[in-house]
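To start, the structure itself, in structure tokens.
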Amino acid sequence: MARLSQLFVPTLREDPADAEAASHKLLVRGGYIRQVGAGLWSFLPLGWRIHEKVVAIVREEMNAIGGQEMFMPVVTPAELWQATSRYGIPEVFKLEDRVGRPLVLAMTHEETVTSHARELGSYRDLPQILYHFQTKGRDEPRPRGGLLRVREFVMKDSYSFDRDEEGLEESFRAHERAYHRIFERSGIEFQAVQAESGMMGGSESVDFLAPAGAGENTLVTCERGDYAADLEIARGVPRAPELPPRLDAPEPVDTPGIATIEALAGSLGIDEAATSKAMPVVNGDGEVVLALVRGDDRLDEAKLAAVLGSAVRQATDEEIRSAFGADPGSIGPVGFSGEVVADETLREGQFVAGANETGRHLRGVEHGRDFEARFADLRVPKEGDACPRCGGALRFQTAIEVGHIFKLGTRYSEPLGARFLDADGVERPVVMGSYGIGPGRVVSAAAEQGADEQGVAWPRSIAPYDVEVVPIEAAGPDAMGIAERLVDDLERAGLDVLVDDRDRRPGEKFADADLIGCPVRITVGKKVLEDGRVDVLTRAGRSEERVQVSDVTNRMTEGA
RNA sequence: CGGGACGUAGCUCAGCCUGGUCAGAGCGCCGCCUUUGGGAGGCGGAGGCCGCGAGUUCGAAUCUCGCCGUCCCGACCA
């Protein structure tokens with residue numbers, strides 16, 4: 001039993017000034033976490049209890065699929081990171097020891113674990129699943145939202161080692177199933193989606209996204225439930241444009257001073273979707289490339305970069321004038337000598353485009369007749385798009401990435417020389433997967449999803465305590481005796497009990513109980529002396545009922 | 001890295017524009033009293049390098065410059 005009078009739970013009456021996200025505000029107000037620096041947070045005792053409850057769930061499920069827990073250091077020799085060409089990643093924290101030897105603070109542990117995997121010399125040693133809970137350091141350019149994006153955090157990272165792709169597939173699916181169980185048990189709403197592999201490399205990855213009021217990802221789902229993806233790779237079917245009558249040849253139209261699609265469509269009295277938007281960029285070779293998307297769409301620069309095979313930057317006004325001979329608001333594909341990459345939406349139909357003459361546009365521009373282009377998916381899906389599978393409406397939700405699993409293949413085993421001898425005597429690189437969960441992200445997702453005006457209603461499985469008992473001392477010693485016996489009873493039933501034994505007024509205790517957010521609050525006041533009942537409040541939904549003291553423990557345990 | 005905002009007591013903020021009884025409030029904290037089912041009230045008290053450093057001035061929380069820090073948007077991102 002924990003006595004609130006003896007715990008370090010510094011609750012705050014007001015929202016912290018620098019917090020925006022609900023989870024950020026409430027986690028600070030509730031005395032769960034405190035900031036140390038940008039993206040650097042301490043978990044206070046209450047917050048750490050929640051964190052460790054998540055950790056316990058993760059550990060159980062990892063062990064259940066044969067994972068072996070181990071522990072690898074944060075400080076890592078730079079050579080390992082140089083070997084895999086990840087030393088140059090800007091987010092890597094770098095440091096030197098006293099003799100100037102370069103080191104990194106690991107942001108993940110592929111390099112280290114793969115170096116150990118060199119001892120897996122035979123196919124007989126495979127498969128293996130190794131994991132640990134360890135601090136990751138990431139020098140993020142912009143930490144934000146409390147625990148949402150931080151520069152140091154604990155991660156459960158596991159690594160699978162298999163003989164071949166089939167083995168990897170099995171390890172990958174085992175993790176996928178384990179992750180589903182973990183997030184279900186943690187009591188958060190989530191969705192598994194196909195995702196980008198980003199800097200991890202590898203062939204396939206699945207993201208676990210928890211919809212929330214704040215987050216870094218956007219979850220795109222079909223209202224009919226047959227499609228879910230991260231916005232980064234999502235595809236939507238845009239509405240059909242209202243095209244004006246077809247023209248036999250492009251027709252110039254004066255558009256002085258018009259530089260935006262909105263103004264263009266407005267002045268011509270046409271649908272924005274019947275215009276094209278020209279986005280000149282400069283590719284890795286320094287050439288100006290024209291990216292074209294429909295007027296009502298946004299260009300996804302990552303998709304464009306993938307198509308072009310190099311990073312791109314926006315062209316400067318000078319570059320635009322010299323390449324197109326016109327100001328940025330009036331450029332288009334017709335007559336442009338460089339490469340044109342156009343979104344699929346522009347393949348059919350006629351659109352308005354810049355005339356490459358300042359203050360002038362062309363109506364009726366048509367691919368094939370008036371210009372040539374390479375077509376690709378370049379647009380950012382948006383509200384109003386239809387599901388690519390069934391045509392249903394797509395939903396867009398802000399979400400927190402709570403887990404991510406990757407098929408790595410031999411991305412790390414090759415450069416680090418983790419090879420084994422197969423049954424046929426041939427040496428092969430170990431086939432790997434890596435799988436991460438940020439318990440702190442699970443905490444913030446649960447906080448976002450359980451937040452209300454008063455605090456956070458935690459899921460029972462990760463709540464800091466199962467039940468908080470609030471004795472109202474003014475009710476007198478007899479009532480307090482009943483409260484004490486009730487607490488003993490609850491404890492004997494195996495429940496984690498928090499008692500607010502502070503010498504405070506009831507209102508303050510209630511407010512803090514809401515903030516602390518135990519799933520159940522039991523108030524023992526003078527009314528218990530009249531009818532032997534206490535008030536049992538279910539934090540989520542705030543339903544309160546009067547229950548016989550003798551029934552409380554049964555009530556608490558039967559649902560668990 | 002680009003744009004914006006902010007930095008004064010433990011927390012939330014006022015004061016700055018217009019330099020001079022300007023070191024302030026509320027909450028929190030300590031003591032006493034009173035009160036006790038939704039953050040009560042009274043009296044007394046402790047608590048500040050006004051982010052740091054230069055400069056201007058007789059005089060700087062206030063004006064100028066530089067630096068540092070934090071947050072938000074964007075870029076970026078296992």
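Model, not experiment: these values are computed from the prediction. Letters A, B, ... are given to chains in the order of the sequence lines, protein chains preceding strands, and every chain is numbered from 1. The analysis underlying the following values was restricted to heavy atoms, covering all of them including side chains, and did not include hydrogens, waters or symmetry mates.
- Qualifying ring-ring contact (aromatic ring centres under 6.0 Å, His included) partners for A:Phe208, counting only residues two or more places apart in sequence or in other chains: A:Tyr179, A:His180, A:Phe183.
- Across B:U21 and B:C68, the matching C1' atoms stand 33 Å from one another, rounded to whole Å.
- Residues meeting the ring-ring contact (aromatic ring centres under 6.0 Å, His included) test with A:Trp458, sequence neighbours left out: A:Tyr32.
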Quiz item: If the sugar-phosphate is the primed atoms plus P, OP1 and OP2 and the base is the rest, what is the B/S/- string for nucleotides 70-75 of chain B, using protein heavy atoms under 4.0 Å?
Solution: SSBBBB

Exercise. If a protein heavy atom is under 4.0 Å from the base, mark B; if only from the sugar-phosphate, S; if neither, -; do that for nucleotides 32-42 of chain B going 5' to 3'.
Key: ---BBBBBB--

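- At least one test fails for A:Lys136 against the ring of A:Phe153: distance under 6.0 Å to the centre or angle within 45° of the axis.
- Here B:C76 presents its C1' atom at 7 Å from CD of A:Glu91, a figure rounded to the nearest Å.
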Review item, side-chain donor-acceptor pairs of residues 463-477 of chain A, under 3.5 Å, at least two apart:
{"unit_1": "A:Asp466", "atom_1": "OD2", "unit_2": "A:Asp496", "atom_2": "N", "d": "2.8"}
{"unit_1": "A:Glu473", "atom_1": "OE1", "unit_2": "A:Lys509", "atom_2": "NZ", "d": "3.0"}
{"unit_1": "A:Glu473", "atom_1": "OE2", "unit_2": "A:Lys509", "atom_2": "NZ", "d": "3.4"}

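- For A:Trp48 and A:Phe43, the ring centers sit closer than 6.0 Å to each other.
- Atom CZ in A:Arg86 sits roughly 14 Å away from atom P in B:C77 (whole-Å rounding).
- Atom C1' of B:U56 sits at a distance of 11 Å from the matching atom of B:C65, rounded to the whole Å.
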For residues 287-297 of chain A, please give each side-chain donor-acceptor pair under 3.5 Å, one per line with the distance, not counting sequence neighbours.
{"unit_1": "A:Glu287", "atom_1": "OE1", "unit_2": "A:Asn283", "atom_2": "ND2", "d": "3.2"}
{"unit_1": "A:Arg294", "atom_1": "NE", "unit_2": "A:Asp296", "atom_2": "OD1", "d": "2.9"}
{"unit_1": "A:Arg294", "atom_1": "NH1", "unit_2": "A:Arg239", "atom_2": "O", "d": "3.0"}
{"unit_1": "A:Arg294", "atom_1": "NH2", "unit_2": "A:Arg239", "atom_2": "O", "d": "3.1"}
{"unit_1": "A:Arg294", "atom_1": "NH2", "unit_2": "A:Asp296", "atom_2": "OD2", "d": "3.1"}
{"unit_1": "A:Asp296", "atom_1": "OD2", "unit_2": "A:Lys382", "atom_2": "NZ", "d": "3.3"}
{"unit_1": "A:Asp297", "atom_1": "OD1", "unit_2": "A:Arg379", "atom_2": "NE", "d": "3.1"}
{"unit_1": "A:Asp297", "atom_1": "OD1", "unit_2": "A:Arg379", "atom_2": "NH2", "d": "3.0"}
{"unit_1": "A:Asp297", "atom_1": "OD1", "unit_2": "A:Lys382", "atom_2": "NZ", "d": "3.1"}
{"unit_1": "A:Asp297", "atom_1": "OD2", "unit_2": "A:Arg379", "atom_2": "NE", "d": "2.7"}

